[in-house]
Each structure stands twice: as structure tokens, then as C-alpha cells.
There are 2 protein chains.
Amino acid sequence: MDMPVRVADDVDLGRLDSALGFLLRMAQLKVYERFFETLGDKDLKPGEFSVLWVISRNPGIRQSVLGQRLMIKRAHMTKLIRGFEDRGLVTRRVPDEDRRAVEITLTPEAAARVEKAAEWFFDFEDAVGNNLSSAEQKQLTLLLRKIVGLN
Amino acid sequence: MDMPVRVADDVDLGRLDSALGFLLRMAQLKVYERFFETLGDKDLKPGEFSVLWVISRNPGIRQSVLGQRLMIKRAHMTKLIRGFEDRGLVTRRVPDEDRRAVEITLTPEAAARVEKAAEWFFDFEDAVGNNLSSAEQKQLTLLLRKIVGLN
DNA sequence: GAGAGATTGTTTCTTTGTAAACAAAATTTG
DNA sequence: CAAATTTTGTTTACAAAGAAACAATCTCTC
């Protein structure tokens, strides 16, 4: 009587269920999903917010540096920044010292908007570890920072 | 003397540097990057391996169930499976009990290939937590499993 | 059992992200 | 300092992934 597997919980993941890379991907997808469930109406996506936030903390930062820090490829960064420019959120300036580079700064409107968005964004981020104790959350943050190389 | 930020380590991330969702994304990107550095020549990507692996553990599993478990949307799953079919890795069968569904099974060649690939894949996965102590690795696995809802 | 609604998979369109080739400017090296 | 190399950003082409509309089938309700 070989009933086919019917529901997701019955699926045998084998060793995959404790593979770190796999779990990281699943966790990230899950968080993303939750984001769009609860904040899908906001007009900034997590990636967009992160970029704008980092620009706000580092005015005049260069595209390349921004990309390195947020792990966004140059080609993609170009598109993101142009998108922001089209929306009037950032200004680009080519510095005299290095005329290949582009320095990015928030417009005043964007700066205000990022501060506003930071409220719901970080509220959400704080809630990500909801089903963990606060000690566990601290621990997880620490471990992820190590994986990422932020220590 | 307002030197612009020059290198990635000087970038101020503000509160972002301990935001769980952000860290999860960064960690996942980092792992992905490392995968392609070390195993970029293999002809199976992590996502592809995971799907084939799960099929191998659950022969005759349905596309929908597979997608639910691996968090892959139906539309995307269709493309993945067709790709596998074109490569002769899986066979599709519409069961009589439910003629909307599709049951997926590995071809014998694919089954062998997955077993072979499992070696380097799980070796890689084991190495993901390299710069963590083995206690930390266990802890991280546990916490991620909680986030994902695998407990 | 006939119709309303839900599920399953596919198709088409769009978005997000990467890869490779390129141009311009800076740096290195001989 | 001139030629070779590297860095920075852009463009073009493509791959990965999601959204929405659709068709077929199944289930539920009356």
C-alpha cells in the first residue's frame, strides 16, 4: 500500500534537515515571506530599505563600497541606484579625486522617509525571532554575525 | 576633513548590523558565494541538488508537496521539473486517483548521480560553519530549525 | 448529481539578480 | 613617462524567481 506522500510535514528531508546552508536559505525565505505578509503594502522592500539606510548613515558613500558591504553586485547596484534617482531619493556626484567613482547621498525627502521607515522596519526585524527566547535571539544574532564575518 | 568612506569595513551599518532578517540574508549570500567559489564547476546547483535529493528520499512525491516543503512556488517548480525532465533526471506520472497532480520520480541514472553528489554537497554543508566551534554549529542549526519551524 | 468552489499545474509577464563585454579613469610597472 | 593592468561603473543579454490569469480536475454542498 504505497500511499504517496501527501503533506509537506511527511516529506523526508534526510540529512538536509540539518544542513546549515539549506537552513539558512529556508530561514531567509521564511522571513521574506513574513515580511510581505505583514508589510507588503509599504513601498520599500527590505533590500531597498537596507541600501537607503546605509546611505543615510554614510552620506557620500560610493556605489562600489555600498555593494561590497551589502553583497550587491555592481551591475545590480547600478540599476538600484538609478531606480532611486528616478524616484528622487538619491543624488549622484562624481568626485574630482576619482572620476570613475560615484558618491551617493540621500535627498532630504528620502532622509526623512528612511527615518520614518526605520520604525516599522526595525520593529519587523525585532519580531523575526519571535518564537525564540530573547537569549536565543541574542545567540542567533551572534552566530550569524560570525558566519557573515561581522565580528 | 571629511574623507568619504573608502572600504567596506568602515561602513556604518547602524542597527542593521544586528537585524536578524538582514543577517540571515547576508549569511545566505555568503554561503552561496562560497559554494560557487569551491563547487562552481559541479553541474548541480544547491537548489537543484536539494530538489533531486528530496525526490530521491520521497519517490513519487508530488510537485505541490515538494514545493511546499522547499518553499518553491508552483510556477517555478514547473520550470525546474521540466528542466530535470529535459536532462533525463526525472520522470513525471499523472496518478489515476488525481489527474491534476504529477508524481515525480528519479531516473536510475539520476538516483546514482544524487548519491554521488550527496558526498560533496554534504561535505560542503558541513564546512559552512567552519569558523564556528562545533557546539556553536549545533546551536545555530537548532536555532535555524526553530525559525524555519522544523521542530 | 449539478453547480460552486478549491487544488494542481501550466503559461505568460514581470521583477530581481548575475555574467560578460565594454569604456573611462586611475594605478602600477618597466 | 608610456604601456599594461586594475578599478569603477554602465550596458546588454540572460537566468532565477514570483504574480496573475488560466485550464483541468477534484471536492463539497445543496
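So you know, we letter chains A, B, ... as the sequences are listed, proteins then strands, and number each from 1.
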Taking atom [atom2] of [N] as reference, at what distance in whole Å does atom [atom1] of [X] sit?
X: A:M77; N: C:dA19; atom1: CE; atom2: C1'; result: 17 Å
X: A:Q28; N: D:dG18; atom1: CD; atom2: P; result: 10 Å
X: B:F36; N: C:dA20; atom1: CZ; atom2: C1'; result: 17 Å
X: A:Y32; N: D:dG18; atom1: OH; atom2: P; result: 10 Å
X: B:Q63; N: C:dT10; atom1: CD; atom2: C1'; result: 9 Å
X: B:K73; N: C:dT12; atom1: NZ; atom2: C1'; result: 18 Å
X: B:R92; N: C:dT8; atom1: CZ; atom2: P; result: 15 Å
X: A:R99; N: C:dA24; atom1: CZ; atom2: C1'; result: 9 Å

#### Entry: B:F49 and B:W120 aromatic ring geometry - parallel, tilted or perpendicular at 30°/60° bounds
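Ring orientation of B:W120 relative to B:F49: tilted.
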#### Entry: Electrostatic pair A:K42-A:E119, nearest N-O below 4.0 angstrom
no
### Query
Should B:R100 be listed as having a side-chain N or O under 4.0 Å from OP1 or OP2 of D:dC22?
no
### Message
Can you confirm whether or not the ring centre of A:F22 sits under 6.0 Å from the ring centre of B:W53?
### Response
no
What does the list of N/O pairs under 3.5 Å between the protein and nucleotides 11-14 of chain D look like, with a distance for each?
| unit_1 | atom_1 | unit_2 | atom_2 | d |
| --- | --- | --- | --- | --- |
| D:dT11 | OP2 | A:R82 | NH1 | 2.6 |
| D:dA13 | N6 | A:K79 | NZ | 3.3 |

### Message
Using a strict heavy-atom distance below 4.0 Å, which residues from residues 41-50 of chain B are in contact with DNA chain C?
### Response
none
### Task
Please list all pairs passing the salt bridge (charged side-chain N to carboxylate O under 4.0 Å, His left out) test where one or both residues lie in residues 76-86 of chain B, with sequence neighbours left out.
B:E85-B:R92
#### Entry: Upstream residue (5' side of DNA chain D) when A:D98 and A:R25 are each assigned their closest nucleotide
A:D98
### Message
Please compare A:L29 and A:I81 by the position of their nearest nucleotide in DNA chain D and report the one closer to 5'.
### Response
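Looking at DNA chain D, the more 5' nearest nucleotide goes with A:I81.
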### Task
May I ask you to check whether over 12 heavy atoms, not counting those of A:R93, lie within 6.0 Å of atom CZ?
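Above 12, so yes.
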### Message
Are there over 12 heavy-atom neighbours, none belonging to A:R87, within less than 6.0 Å of that residue's CZ?
### Response
yes
### Message
I need the minimum non-hydrogen distance between A:Q63 and A:I104, along with the two atoms involved.
### Response
CG-CD1, 3.9 Å
### Query
At their closest point, which heavy atom of A:P59 faces which heavy atom of A:T105, and how far apart are they?
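Taking A:P59 first and A:T105 second, the nearest heavy atoms are CB-CG2, 4.4 Å.
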### Message
If you apply the rule salt bridge (charged side-chain N to carboxylate O under 4.0 Å, His left out), what do you find for B:R34 with B:E125, and how did you get there?
### Response
CA-CA 11 Å; B:R34 210 183 312 172; B:E125 286 283 353; over 6 Å; no
